[in-house]
Amino acid sequence: MKGDVILDCKGLSCPMPILKLAMAIKKLEAGKVIEMYGTDPGSKDDVPAWCERTGNTLLDTVEVEDGFTFFIRRGE
Amino acid sequence: MIESGSKKKGSLRELYDIFFSKSWPMWVGGILLGVGNICLFIVLKPWGASGGVKNWGDNLFNLMGGEFANMGAINLFPYSVLCILLIMGAFAGALFSKQFALRFPPLGELFKGLVGGLLMGLGAVIGVSCTIGGFFSGWPALSLGAVVFTVGLVIGTWIAVKYLLFEVNKFPKLSSGKTSSFLSASKDKGSWQPFLGAAVVLIGLIIAFRYTDTNSVLAWYAAIGLFFGMVCQRSRFCIVRALREPFMSGSSVPAVAVMAGILVSMFGFVVIKFMGVRGDMIWVWPHFWVPAIVGGTIFGFGMTIAGGCTVGSLWRAGEGHIKLWASIVGMVVAMPLTAKFIKPAFFDALPDSMKQMFFLPEKIGYGAAVGVFLVIMLLWYLFVKWNERTGKFSAY
């Protein structure tokens, strides 16, 4: 899978990853996908919870070498 | 649960996974910390976090030839020991769940950690409290000053959230740039982590056990500190989030978790105080109302910039976030200096009526005082739930 936009949140801790995700997704058209990199263990819980609350879709979570890659599709 | 190769998990493996395969709900953490807090009060006094970190700073500055407060050596001051073992517990919790890594943030973030820590140190000393002593333990102690301190925390948090939104939009570079992480684990990598975790727990328990000969208070503070660190890391217990999320994502989950802990502690604290097991005025600080509101606001701003209050910084430091190491450095430096050079003049300038110890049951009795706190918490609960539905105060 590949995102339309890449958001690098490596090395960041709470609340910066979700804050940056929220700001990045505002700039995106509905249906487009953000590919987000993160290393904070908290993001593993926060990203799905945030997506569910905000009507965006978490398409996939991939565990990579030093953290996670999330694929998030902007909702309507 | 079926593992790859359709081999069934052993019972012990299943037990291990219950604790360490995914995060615990935060309210579970809140309740466990609430119970542990009662234990601390039975052993000596309620939970506090900043006092321990301040003691590290005092000792450090005294060692360098300064003349600062002397509350005892680091290994003999209960709250210092508690804080150290809390970091160890969080370290172990992260290792057991293979979540430990040294995570170096962009330089701008490191700077925010340091500044946040310095402000927390300033606020904690000016306000005679932090999120634990002046909130998580202060409410159960039925101190009205703790409510004022919390109002300050909310104001500071709100301002800091505005700042963070401004920063991410106008200066996105501050939170991006070169980062690195070391020693991280993944599914097939880092199987050494749980073994090191076991060693850390063992060392923590040996430290606790070694105190039993000379000082059983320290033994319990060490053991409970270790437990608290593990609980905080596994449940990602975070008071910053409880106060911040209504203004950010709108989630009420962290606020409810903190309320759960406060409720549990209040039950125990009221019994302990009412029955005279420990003194009425314990954890009722002389900060009602000016020091509480001023210190609370500064502390609230600092913790939100740093991304963790004192305890939040300690357990995240144990998990390997270098930003929170910077935050601890900030607190260690700021607290002794504030206590020596700023606090005396600040307190001298205030009339006694503005720096009182306000124990609510003294004025209206225990029943009514507990009732007041329950009503405040119910209103808080209704606010975060309403806000979660409507998003009235949330940024996104």
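FYI, side chains are in, hydrogens and waters are out, and symmetry mates aren't considered; it's all heavy atoms of this structure. Throughout, protein chains are lettered first and strands after them, A, B, ... in sequence-line order, and every chain is numbered starting at 1.
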Under a 4.5 Å heavy-atom cut-off, does chain A meet the side chain of [X], its backbone, both or neither?
| X | result |
| --- | --- |
| B:S251 | both |
| B:K112 | side chain |
| B:D188 | neither |
| B:L164 | both |
| B:A94 | neither |
| B:Q99 | both |

Work out which heavy atom in [X] is nearest to a heavy atom in [Y]; give both atom names and the distance.
| X | Y | result |
| --- | --- | --- |
| B:S186 | A:V64 | CB-O, 4.1 Å |
| A:P15 | B:G307 | CD-CA, 4.4 Å |
| B:S175 | A:K20 | OG-CE, 2.9 Å |
| A:K26 | B:A395 | NZ-O, 3.8 Å |

Within 6.0 angstrom of [X] [atom1], more than 12 heavy atoms from elsewhere:
| X | atom1 | answer |
| --- | --- | --- |
| B:W24 | CH2 | yes |
| A:F71 | CZ | yes |
| B:K189 | NZ | yes |
| A:R73 | CZ | no |
| B:F111 | CZ | no |

> Which region of A:I18, side chain (C-beta onward) or backbone (N, CA, C, O), has a non-hydrogen atom less than 4.5 Å from a non-hydrogen atom of chain B, or is it both or neither?
Replying inline: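 For A:I18, the contact with chain B is made by backbone and side chain together.
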>> So for A:D40, is it side chain, backbone, both, or neither that comes closer than 4.5 Å to the heavy atoms of chain B?
In response: both
Nearest-0.5 Å distance that lies between atom [atom1] in [X] and atom [atom2] in [Y]:
| X | Y | atom1 | atom2 | answer |
| --- | --- | --- | --- | --- |
| A:D66 | B:L102 | CG | CG | 12.5 Å |
| B:E109 | A:M16 | CD | CE | 4.5 Å |
| B:K22 | A:D45 | NZ | CG | 9.5 Å |
| B:R244 | A:C14 | CZ | SG | 4.0 Å |
| A:S13 | B:H321 | OG | NE2 | 6.0 Å |

>> Tell me which of these, A:D8, A:D46, A:I25, has more heavy-atom pairs under 4.5 Å with chain B than the rest.
In response: A:D46
> Who among B:E388, B:K178, B:K187, B:R241 has the most heavy-atom pairs with chain A under 4.5 Å?
Replying inline: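 Most heavy-atom pairs under 4.5 Å with chain A: B:R241.
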> With no hydrogens and no angle check, do the side chains of B:S181 and A:K10 hold a donor and an acceptor under 3.5 Å apart?
Replying inline: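 The answer is no; no qualifying pair exists.
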> Cut-off 3.5 Å, side chains only: do A:R53 and B:S249 have a donor facing an acceptor?
Replying inline: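 Indeed, the side chains of A:R53 and B:S249 share at least one donor-acceptor pair under 3.5 Å.
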>> Any heavy-atom pair between the side chains of A:L19 and B:L165 that's under 4.5 Å?
In response: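 Yes, their side chains come closer than 4.5 Å.
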